[in-house]
Amino acid sequence: MKIIVLHGGVSNKPELMGKVEEYAEIAIEKSEPLEAVVEAVRLMEDDPLFNAGTGSNIRIDGSIQMDAAVIVPGDFGAVINIEKVKNPVLVARDVMLKSPHMILAGDGAVKFARKMGYESYDPSTKKAMEKRDRILNRLKNGEIPEYYHPEFFKEFLGDTVGAVAFFDGKYAAAVSTGGTGLTLRGRVGDSPIPGAGIFAGEKGAMVATGIGEEIVRRMLSIRVYSKIGKGRIEDICRQEIESFGDIPTGIIAVANGKPCAISNLSMPHAIVLR
Ligand code: GLY
């Protein structure tokens, strides 16, 4: 039995559902769940309509710093604030499989990526630059609520991509993000923090999307994981997402062979079973 669940970010456009479904159909063809989630996230990183890899959000200072992570029960790999690479998720996978470490950050992550053969790449797009300028101008003019206000994020989040898979009893998850709408250089969200934006164990796998600070505060993924077996996974996820009130948040999960995708705002997603 094979199950894969993908999301293209809470607050991202519902019209992207078709693309996410297309990528899920490609990824489920892989034989291992880790390969499948990495492929799913790589496809979304390469699509500039998602906030990960190409098309990532641009920070206040004009730089692009990305976070990505992969997890299987008992192992983890992540890159934090990596710059100038095409596919952060591939580097995170290599950190897990080809380095003695679990997390590499900043210039160390970039150097590792180069050693692994990933060439220098500019993930910026015209659309992302225009988005940054638009947010800055509207903030300066007092036209939108202050940063870190739910109304602000409803308009500008377009957050994160992720995938969870369960293939023949084995779980895996992967996540990648350009970070929330407009942040300081060096800021880290939930995505590369195990237990916050991503988790997988012998009972299931999950990936969150939303405002990293809020997700880390609640340790959303490990909270969901710790409740597996105490009701339907869909109900557990819904209850946790409801606790965020109007703060845009979503989660995808698979546990005990059951998938779900729950959010409190539009979140293009796909669930495919074979
Ligand atoms: N959810 C992604 C972030 O806050 O960076």
Side-chain angles (χ1 to χ4, degrees), residues 6-12 16 20 37 41 44-45 49-53 55-61 63-71 78-83 85 88-89 91-92 103 105-106 109 123 128 131-132 135 147-150 152-164 173-199 206-224 237 240-241 243-253 261-269:
L6 271 61
H7 81 74
V10 70
S11 92
N12 216 342
L16 290 175
V20 179
V37 293
V41 168
M44 291 188 278
E45 285 180 338
L49 297 174
F50 299 90
N51 171 30
S56 282
N57 281 334
I58 300 178
R59 299 193 181 228
I60 292 172
D61 72 347
S63 62
I64 294 180
Q65 294 183 299
M66 302 165 286
D67 301 329
V70 299
I71 190 165
V79 287
I80 291 181
N81 284 339
I82 196 166
E83 295 178 77
V85 294
V89 73
V91 189
I103 305 176
K131 178 178 170 187
R132 170 181 171 270
I135 305 172
Y147 180 75
Y148 208 59
H149 183 289
F152 174 93
F153 284 108
K154 272 180 195 164
E155 198 168 348
F156 292 115
L157 190 58
D159 183 65
T160 311
V161 301
V164 296
V175 67
S176 183
T177 185
T180 49
L182 193 66
T183 65
L184 293 175
R185 185 172 170 79
R187 176 263 185 193
V188 182
D190 58 297
S191 302
I193 312 293
I198 185 167
F199 194 71
M206 48 281 312
V207 169
T209 165
I211 300 165
E213 286 77 1
E214 291 298 330
I215 294 170
V216 172
R217 195 167 278 138
R218 291 168 169 81
M219 281 289 168
L220 176 59
S221 292
I222 196 75
R223 278 178 70 88
V224 167
C237 287
E240 290 299 328
I241 295 301
S243 77
F244 282 76
D246 60 359
I247 300 168
T249 316
I251 193 161
I252 53 172
I262 305 286
S263 63
N264 58 10
L265 195 67
S266 151
M267 180 181 76
H269 64 273

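We count ligands from 1, going down the list as the structure has it; atoms in each ligand are counted the same way.
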Contact check, side chains of Phe50 and Val20, non-hydrogen atoms, under 4.5 Å: yes
Heavy-atom gap Arg187 to ligand 1 smaller than 4.0 Å: yes
Heavy atom of Thr180, distance to ligand 1 below 4.0 Å: yes
Numbering as shown, the atoms of ligand 1 that approach Ser191 to under 4.0 Å (heavy-atom distance): 2 (C)
Numbered atoms of ligand 1 (with element) below 4.0 Å of Asp190, judged on heavy atoms: 1 (N), 2 (C), 3 (C), 4 (O)
Under 4.0 Å to a heavy atom of Thr160 - the qualifying atoms of ligand 1, by number: 1 (N), 2 (C)
Gly212-ligand 1 polar pair, N/O distance under 3.5 Å: yes
Side chain proximity check, Asn81 to Asp67, heavy atoms < 4.5 angstrom: yes
Option passing side-chain contact (heavy atoms from CB on, under 4.5 Å) with Val89 (candidates Val70, Val175, Val37): Val70
All side chain to side chain donor-acceptor pair (under 3.5 Å) counterparts of Arg223, not counting sequence neighbours: Glu240
Element-labelled atoms of ligand 1 that are located less than 4.0 Å from some non-hydrogen atom of Thr177: 2 (C)
Ligand 1 to Gly210 polar contact by distance, N or O atoms, under 3.5 Å: yes
Interatomic spacing from SG in Cys237 to CE in Met206 - rounded to 0.5 Å: 6.0 Å
Any side-chain heavy-atom pair of Thr209 and Met267 under 4.5 Å: yes
